[in-house]
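Below is one structure, written out as structure tokens; comments come after it.
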Amino acid sequence: MTQIPTFEEIAEAHGHRCPGIAIGYKMAKAAAEWAGDEPVRVYSTTTRCPLDALRHTFNLTDETLTIEDKGELHFILEKADGSKLFIDEVPGSKIKNDEGDKLRKKVREGTASKEETARFNEIQEELLQQAFNTPDEKLFTIHS
């Protein structure tokens, strides 16, 4: 079976810990079970965080990853034999927090205080845990 990196390895490759990379990790684990030892090509309609979990798990390159950013969380994985796996976000399932959204903007702009940055990181960790604790089927669907 495809070697599944640890969550910490995926988060490090992504550059930070967040609920999106936690959801992507859960998606990548399910996709790796489907793929077995076979390489896959991936079509993605997003550049959001979950993509990095798939990218890292399957060692995707420009030759094996196609991105058409439509702002939707939708992936199609394809094996060499043409079989496909579809992964879609459950509508309305995005894990977020209004306070965190406001602080994210300040953190990205470099205008957040130390306290605001610390609070943002605390919220991100809470949301990450929420993502891990939410059953997969409430976050995304998988079918072949």
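Small disclaimer: the values here were computed from a predicted structure and weren't measured.
How far CG of Leu77 is from CD of Glu38: 12.0 Å, rounded to the nearest 0.5 Å. If you take CG on Asn121 and NE2 on His16, they are separated by 10.0 Å, rounding to the nearest 0.5 Å. Residue Glu126 holds its CD atom at 9.5 Å from CD of Gln129, rounded to the nearest 0.5 Å. The structure places CD of Gln3 at 10.0 Å from CG of Asp37, a figure rounded to the nearest 0.5 Å. Once rounded to the nearest 0.5 Å, the distance linking CZ of Arg48 with CD of Glu72 reads 10.0 Å. Rounding to the nearest 0.5 angstrom, the gap separating the CZ atom in Phe120 from the CD atom in Glu115 is 16.0 Å.
Judged purely by atom type and a 3.5 angstrom limit, Thr64 has no side-chain atom pairing as donor or acceptor with the backbone of Leu60. Looking at Lys26, its side chain does come within 3.5 Å of a backbone N or O of Ala131 through a donor-acceptor pair. In this structure, Arg41 contributes its side chain and Ile76 its backbone to no donor-acceptor pair below 3.5 Å. When atom types are taken as modelled, the side chain of Lys94 and the backbone of Glu89 share no donor-acceptor pair closer than 3.5 angstrom.
Nearest heavy atoms, Phe75 versus Ser44: CE2-OG, 3.2 Å. Taking every heavy atom of both residues into account, Ile95 and Pro19 meet most closely at O-CG, 4.2 Å. The two residues Trp34 and Ser144 come nearest to each other via the heavy atoms NE1-CB, 4.3 Å. Minimum heavy-atom separation, Ala32 to Thr2: CB-CB, 3.9 Å. Between His56 and Pro5, the shortest heavy-atom distance links the atoms CD2-CG, 3.6 Å. Closest heavy-atom contact between Thr6 and Glu9: N-OE1, 2.7 Å.
Between Glu99 and Lys106 there is no salt bridge, since no side-chain nitrogen of the basic residue lies less than 4.0 Å from a carboxylate oxygen of the acidic one.
With sequence neighbours left out, the salt bridge (Lys or Arg N to Asp or Glu O under 4.0 Å) criterion links Lys70 to Glu68. Remark: Phe7 engages Tyr25, Phe132 in a ring pair (Phe, Tyr, Trp, His ring centres under 6.0 Å) (not counting sequence neighbours).
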TODO: Verify side chain to side chain contact (heavy atoms under 4.5 Å, CB included) between Glu137 and Val90, making sure each step is shown before the conclusion.
DONE: CA-CA 8 Å; Glu137 62 273 7; Val90 171; over 6 Å; no

- [ ] Apply side chain to side chain contact (heavy atoms under 4.5 Å, CB included) to Asp52 and Ile10, showing your working.
- [x] CA-CA 8 Å; Asp52 279 349; Ile10 287 178; 5.8 Å; no

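Within 6.0 Å of CG in Asp62 there are 12 or fewer heavy atoms belonging to other residues, nucleotides or ligands. The environment of Asp98 atom CG is sparse: at most 12 non-hydrogen atoms of other residues, nucleotides or ligands sit within 6.0 angstrom. A 6.0 Å sphere centred on NZ of Lys29 holds no more than 12 heavy atoms belonging to other residues, nucleotides or ligands.
Of the residues Asp69, Leu73, Leu65, Ile21, the one that meets the side chain to side chain contact (heavy atoms under 4.5 Å, CB included) test with Leu51 is Leu65. A side chain to side chain donor-acceptor pair (under 3.5 Å) with Arg17 is found for exactly one of Gln124, Glu125, Glu12, namely Glu125.
Under the 4.5 Å side-chain contact rule for hydrophobic residues, Ile87 and Val42 share a cluster. Transitive grouping of hydrophobic side chains (ILVMFWY, heavy atoms separated by less than 4.5 Å) brings Ile123 and Val107 into a common cluster. No single ILVMFWY cluster, assembled from side-chain heavy atoms under 4.5 Å apart, contains both Leu128 and Leu54.
At least one side-chain heavy atom of Ile67 sits less than 4.5 Å from a side-chain heavy atom of Arg55.
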